[in-house]
There are 2 protein chains.
Amino acid sequence: MTAPLRDAHPAGPGRGLPDTQQGMRRRNLARVMHTVSAEGPLSRAAVASRIGLTRAAVSTLVDELIRSGLLEELGPERPGRVGRPGSALAVSGRGPAGIGAEVGVDHLAVCAVDLRGQVRTRSVRHGANRGRAPEPVIAELTSLVRRVVAEAESEGLWPAGLAVAVPGLVARDARTVVRAPNLDWHDTDLGTLLPEDLPLTVGNEANFGALAELWLGDGTPHDFLHVSAEIGIGAALVVDGQLLRGTRGFAGELGHVPVRPDGPRCPCGGRGCLEQYAGEEAVLRAAGLEPGEDRVGLLAQHAADGDEAVRGALREAGQALGIALTGAVNLLDPEAVVLGGALAGLAPWLLPSLRDELARRTAGPACPVSVSGLGSQGPLLGAAHSVVRAVLDDPAVVGERA
Amino acid sequence: MTAPLRDAHPAGPGRGLPDTQQGMRRRNLARVMHTVSAEGPLSRAAVASRIGLTRAAVSTLVDELIRSGLLEELGPERPGRVGRPGSALAVSGRGPAGIGAEVGVDHLAVCAVDLRGQVRTRSVRHGANRGRAPEPVIAELTSLVRRVVAEAESEGLWPAGLAVAVPGLVARDARTVVRAPNLDWHDTDLGTLLPEDLPLTVGNEANFGALAELWLGDGTPHDFLHVSAEIGIGAALVVDGQLLRGTRGFAGELGHVPVRPDGPRCPCGGRGCLEQYAGEEAVLRAAGLEPGEDRVGLLAQHAADGDEAVRGALREAGQALGIALTGAVNLLDPEAVVLGGALAGLAPWLLPSLRDELARRTAGPACPVSVSGLGSQGPLLGAAHSVVRAVLDDPAVVGERA
DNA sequence: CTATTTCGTCATGGCGGTTTACAAATTAGT
DNA sequence: ACTAATTTGTAAACCGCCATGACGAAATAG
């Protein structure tokens, strides 16, 4: 069925769907879900005061959500104040689940996350996928998905959708991989290869990582730039809590921002792109290391051991990142820059020169640069959570099935 | 009263104001206004089918809008098809008007635009403002505003708001000018200096220019990058039909994107910023011309006359712009780049090297670069139209007054 | 033990869009 | 010219959704 999970509520007045009472109801159901999900167990009265509706209205909304299995009544609250205690409501731990999947260069991973945001099942398979054809890889992924779905179902969950994180550019249809250099995939429509009974969303790994940071990060603002380096160097731009995708869905190509316009040639056609200084290959070469298996781990290891060549290479990579990010920060004025993915592990050696370069080139106070706490889990979690968010954003759709 | 003209309808489900029936009505009124405004005279039935409501519902909405003076009944349509001809509806030419104002480095301008988008009155005063204190300048501007408002009123219009375009950074409150280097203004609150009986919005000149391009430009997409050069070099980013403002409202500082990281020092603290190559002063210096009065006109004149020094300087500026824009395009994946403001006049000599540089550094087809057709009128028109858009976006607010 | 406060629910009402029906105004066909 | 078909705009009845106000229930304060 492949329902459109995203963009259900376009912004701006005048545009968008006609405003009928059903739409109103749907939005109010979503408000209740978001409020309960974000602020823990809450009584009906508390929800009502937060979203600005009356207790009576919230009562009927909650009834509907409980009938759909999206909310649960936990029983009476501990009475601390005067007055009748409310009945605590919480997001259900047995309703729909978001299935997240990740196609990495040398692993596959799938997990199921319930509406509460808890990871309930997880399944990983190691093994290099570089250069393998899409069909066998996706077949393997499909079997992992089926296993995770089965386990989730045995815990009383049912899958509301599947989101797949891929290390490459994904078209705006959220189904076809336009280009994944590290897998050597081109124009591959995953919609035809994955189980068809689940609404599917395919997305860029870095984008899902950024969303994970937005939704799960501790103190992450909702205007930031998330930089990661799995496939080349990618940035995900989050503006006002929304991912900026670009016309063709290619936004965030930080790796090909010119750093030194007369620098070395880049396969993209340009010269002196960031990737020529801070890309994996470039850093390994500058560090004098052979490209091998776990290349990022290798770099971190050597850097930690005090290898000066490696440290110098990372210092210069940080500097190049700082230059490119200066441009990005000047253009976008984000609240923060967050380093994620592989960069997070190398942060100790990248950050000093990066911050230095950024500060030197900024007039006022420099944009704060932090490191993601999610590590390599970001993309997978972001994918799974994107399905969960879609349910919270429009509970009515899912309510029909339960 | 200074009502919030913007951001009345925040994006995303779950957030925003509670969804009550009155809000629904307001949004539907807005839909009707937008539809009629965008698609010319339309019958009630045509509006209904476009926005997806029933004819009956649209009838009552239209009645209300006509009573408020926002819509006009033009009379029966020419019947071309079978069936009863509809009664054509058009946006009123006598209701509210948007007052736009512009504080330029050497001029002041004010105009009134009606809901149809027609400029109805205009008033300009030449004279250098560089270095003058804000108070006398704004006093002068106020008298222009009063004159334009009086003229507009004599034509049956009433002012719905005032938007002021300023060559500098404006804080997110849309009232205070944080920094306007070319005027030498700092932290100036225009809210206290301008007539208080009009809802006020102060905005950056380049941003208003971009909005004008978005709303009035011929074939302008709704994802683009608008580059202009009045104060240094500014870019306005329009994403999905909305201006990207940045956390502090400082987004779009293209002028300080690093082009050559080891280039000449820039007052901003950086090195080799775009402004050091394509800024007004830099180009004049490279061209061997003295900074005088109408510097842009001077450059265009000499370039047209075949002055090779000037042409060379502009060629290099275009090249630098191309490098900086490569970065921006890689980050944002816009549908187009539009040159506006002073750059539009110099486009014939900037474009070749700019396009060349951009194409050379892009893998696929390069992002198309075009020139704004609005010329120097952009900011003023954008300001006035922003008020008009605010009325279209929420007709109910204004309806109360009529 | 009573007064007070707060919670959840119910009955009532208002508001807003839909449905259904119908008159008005045009074209197409005989 | 007259009828049938089509489309428009409006009115009346209806339904859905939230607000209002009242009420019982369950706690605290005195």
Side-chain angles (χ1 to χ4, degrees), chain A residues 16-32 35-36 41-67 71-90 395-396 399-400, chain B residues 16-32 35-36 41-67 71-90 395-396 399-400:
Chain A
L17 300 171
D19 227 329
T20 160
Q21 294 181 319
Q22 290 149 53
M24 186 166 98
R25 183 82 178 166
R26 278 168 64 167
R27 284 188 297 275
N28 280 335
L29 287 169
R31 273 195 183 76
V32 171
T35 310
V36 174
L42 241 43
S43 69
R44 289 169 175 76
V47 172
S49 77
R50 270 164 236 243
I51 65 182
L53 295 177
T54 59
R55 296 198 308 266
V58 170
S59 254
T60 74
L61 291 164
V62 166
D63 279 357
E64 190 174 334
L65 291 168
I66 289 179
R67 271 198 309 280
L71 284 184
E72 263 176 22
E73 192 126 29
L74 297 184
E77 286 175 327
R78 289 270 162 280
R81 307 174 306 287
V82 65
R84 171 179 166 178
S87 177
L89 298 167
E400 290 162 17
Chain B
L17 299 170
D19 226 330
T20 158
Q21 308 187 73
Q22 290 147 52
M24 183 166 102
R25 183 82 179 167
R26 278 168 64 169
R27 284 188 297 273
N28 280 335
L29 288 169
R31 274 193 183 78
V32 172
T35 310
V36 175
L42 241 44
S43 70
R44 289 169 175 76
V47 172
S49 76
R50 270 164 234 244
I51 65 181
L53 294 177
T54 59
R55 296 199 310 269
V58 170
S59 254
T60 73
L61 290 164
V62 166
D63 280 357
E64 190 173 333
L65 291 168
I66 288 180
R67 272 200 308 280
L71 239 40
E72 261 175 24
E73 192 126 30
L74 296 183
E77 286 174 329
R78 289 269 161 282
R81 309 173 304 289
V82 61
R84 169 179 167 180
S87 176
L89 298 168
E400 291 163 15

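These numbers were taken from a predicted model, which means no experiment stands behind them. Just so we're on the same page: letters track the sequence lines, and every chain starts at 1.
Note on A/R84 versus A/E77: no salt bridge recorded, every NZ/NE/NH1/NH2 to OD/OE distance being 4.0 Å or above. Taking 4.0 Å as the cut-off between side-chain N and carboxylate O, A/D19 and A/R27 count as a salt-bridged pair.
Across the protein-nucleic acid pair, A/L53 atom CG and D/dC17 atom P stand 13 Å apart, rounded to whole Å. Rounded to an integer number of Å, the gap from A/R25 CZ to C/dG16 C1' is 16 Å. For B/I51 and C/dG17, the CD1 to C1' distance is 11 Å, given to the nearest whole Å. Nucleotide D/dG16 holds its P atom 15 Å from the CG atom of A/L29, rounded to whole Å. For A/E77 and C/dT5, the CD to P distance is 20 Å, given to the nearest whole Å. B/R84 places its CZ atom 15 Å from the C1' atom of C/dT27, with the value rounded to the nearest Å. With rounding to whole Å, A/E64 atom CD is found 14 Å from D/dC18 atom C1'. With rounding to whole Å, B/L89 atom CG is found 12 Å from D/dT8 atom P.
Among the heavy atoms of the strands lying under 4.0 Å from A/T54 is at least one base atom, whether or not backbone atoms are also near.
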Chi angles and distances behind the side chain to side chain contact (heavy atoms under 4.5 Å, CB included) call for A/I51, A/V47: CA-CA 6 Å; A/I51 65 182; A/V47 172; 4.1 Å; yes
Step-by-step side chain to side chain contact (heavy atoms under 4.5 Å, CB included) determination, A/E72 to A/I66: CA-CA 6 Å; A/E72 263 176 22; A/I66 289 179; over 6 Å; no
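The phosphate of D/dC17 has neither OP1 nor OP2 within less than 4.0 Å of any side-chain N or O from A/N28.
B/P41 pairs by the side-chain contact (heavy atoms from CB on, under 4.5 Å) definition with B/L74, B/A88, not counting sequence neighbours. Shown here are the side-chain contact (heavy atoms from CB on, under 4.5 Å) partners of B/Q22, two or more places apart in sequence or in another chain: B/T20.
Judged by closest nucleotide on DNA chain D, B/R81 is the one of B/Q22 and B/R81 placed further toward the 5' end.
Relative to the side chain of B/P85, the nucleotides C/dA25, C/dG17, D/dT6 differ in distance, and C/dA25 lies closest. Side-chain atoms of A/S87 lie closest to C/dG8 of the nucleotides C/dG8, C/dG17, C/dT5. Counting only heavy atoms from C-beta on, A/P79 has its side chain closest to D/dT28 among D/dG9, D/dT28, C/dG8.
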Atom pairs under 3.5 Å, N or O on each side, protein against nucleotides 9-12 of chain C: can you list them with distances?
unit_1: C/dT9; atom_1: OP2; unit_2: A/R44; atom_2: NE; d: 3.3
unit_1: C/dT9; atom_1: OP2; unit_2: A/S59; atom_2: OG; d: 2.4

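A 4.5 Å side-chain heavy-atom check between B/V32 and B/L71 finds at least one atom pair inside the cut-off.
Donor-acceptor pairing under 3.5 Å, judged by distance alone, is present between the side chain of A/Q21 and the base of C/dG16.
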